[in-house]
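Encoded as structure tokens, the structure appears first; notes follow it.
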Amino acid sequence: MDYSIFNALNFNMEGIQAALISYDVMCQWSVHMQERVIGSPYLKLPDNLELRLAIGLFHIHGHQDTCLARYSPSFIEGGRQIDGETIETLWSPLNEISRSTRGMSTSHRREVIDDHMNDSNWKKLVDAGEFISISRYCIDAHADRAVNAVCRRYGKAISGATLSATAFDSINSSADPDSVKVWSAEEKYAQRERVRDVTVMDIYDIKMKRRELIHITLAVPDIRL
């Protein structure tokens, strides 16, 4: 995993200042990442490249509560709402061939699955140039193609952004101005320092204090005759 990621980060990265890396177990993989890079002659991190480490939304809700604020793309500048998955999107169409591959030998089954995955990749490649501009009205035929999927998500993103902006403005206008200044300063500090210490993102982990229940024992007089 280390070799693959750091070789990709050193390929054609001229002029790129930040890279968002999404990995299912980023909370574990990133713990001693710098030490592994320094101690290996085969790993190299480009100079002046900011790494924004994330866990895709498809997996992060199965992690500990602390991982959500620290690694969710929702709290990373430029991360937005991404699932961070590619292979998993093939599970649904590949399930359709499970009945035909069930009786195959291991090598035959691998060849058939590889053919279907290559076909999916080819469709994505061909469809990438089918629509030059992305608009809300480009969803026509081939609804399973990559560009059409982007078009659908783009339309939902525009609608969702409008609703979110309205809700945020409503909450922001009702909050105390001094508190808003403090929160804004804390957010800027967290976004700036998260590269060095991911725990600063814990400000997004809002925890409500539970009310303590007081148990009272009442002495009821015996009123039996």
Side-chain angles (χ1 to χ4, degrees), residues 1-14 16 18-30 33 36-37 40 42-46 49 51-63 67 71-74 76 78-160:
M1 189 65 189
D2 292 354
Y3 187 81
S4 301
I5 288 182
F6 288 106
N7 272 273
L9 291 175
N10 284 278
F11 177 74
N12 197 22
M13 296 291 287
E14 184 178 357
I16 298 179
L20 176 65
I21 305 176
S22 178
Y23 186 30
D24 298 352
V25 289
M26 183 61 73
C27 52
Q28 298 295 323
W29 178 80
S30 61
M33 179 187 64
R36 295 196 301 271
V37 174
S40 175
Y42 305 103
L43 303 179
K44 179 184 177 182
L45 185 64
L49 178 65
L51 295 183
R52 300 177 182 177
L53 309 179
I55 300 175
L57 297 178
F58 189 85
H59 283 277
I60 195 169
H61 295 287
H63 284 238
C67 292
Y71 297 101
S72 173
S74 304
I76 299 176
R80 309 299 173 89
Q81 298 292 319
I82 59 173
D83 53 25
E85 305 299 341
T86 300
I87 299 299
E88 281 81 353
T89 59
L90 283 173
W91 288 350
S92 178
L94 288 180
N95 284 339
E96 299 297 327
I97 66 171
S98 61
R99 290 184 293 272
S100 60
T101 59
R102 191 173 300 166
M104 297 179 181
S105 63
T106 301
S107 58
H108 189 191
R109 186 185 302 111
R110 290 176 179 174
E111 291 178 357
V112 172
I113 294 176
D114 284 344
D115 287 341
H116 280 269
M117 297 180 71
N118 290 333
D119 178 68
S120 176
N121 293 334
W122 174 250
K123 289 179 180 178
K124 293 177 182 178
L125 178 64
V126 173
D127 189 48
E130 186 170 346
F131 298 103
I132 299 177
S133 61
I134 298 178
S135 66
R136 298 177 62 184
Y137 308 102
C138 67
I139 306 173
D140 297 319
H142 310 293
D144 59 332
R145 300 291 182 87
V147 173
N148 282 286
V150 173
C151 292
R152 291 195 304 272
R153 295 178 182 180
Y154 179 75
K156 292 181 179 179
I158 294 297
S159 176

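The main-chain N or O of D24 is found under 3.5 Å from a side-chain atom of H63 such that the two form a donor-acceptor pair. A distance-only check finds no donor-acceptor pair linking the side chain of S40 to the backbone of R36 [under 3.5 Å].
A distance of 11.0 Å separates NE2 in H61 from CD1 in I55, rounded to the nearest 0.5 Å. A distance of 7.5 Å separates CG in L53 from CD1 in I76, rounded to the nearest 0.5 Å. Interatomic distance, L94 CG to M117 CE, rounded to the nearest 0.5 Å: 6.5 Å. With values rounded to the nearest 0.5 angstrom, Y71 atom OH is found 16.0 Å from R52 atom CZ. How far CG of D114 is from CG of D119: 12.5 Å, rounded to the nearest 0.5 Å. The OG atom of S105 sits 8.0 Å away from the CD atom of E111 when rounded to the nearest 0.5 Å.
Taking all atoms of both residues into account, the shortest heavy-atom contact from A19 to M13 is CB-CE, 4.3 Å. Here the shortest heavy-atom pairing between G56 and S22 reads N-OG, 3.3 Å. Here the closest non-hydrogen pair linking I16 and N12 is CD1-O, 4.2 Å. Minimum heavy-atom separation, F6 to L43: CD1-CD2, 4.1 Å. Minimum heavy-atom separation, M104 to R109: O-NH2, 3.1 Å. Among all heavy-atom pairs drawn from I60 and C67, the shortest one is CD1-O, 3.4 Å.
Put simply, the side chain of D115 does not reach to within 4.5 Å of the side chain of V112, judged on heavy atoms. M33 has its side chain within reach of L51: a pair of non-hydrogen atoms, C-beta onward, lies under 4.5 Å apart.
Between K44 and the choices N10, N7, L9, the side chain to side chain contact (heavy atoms under 4.5 Å, CB included) rule is met once, by N10.
Counted by atom type alone, D2 and W29 present one or more donor-acceptor pairs between their side chains at under 3.5 Å.
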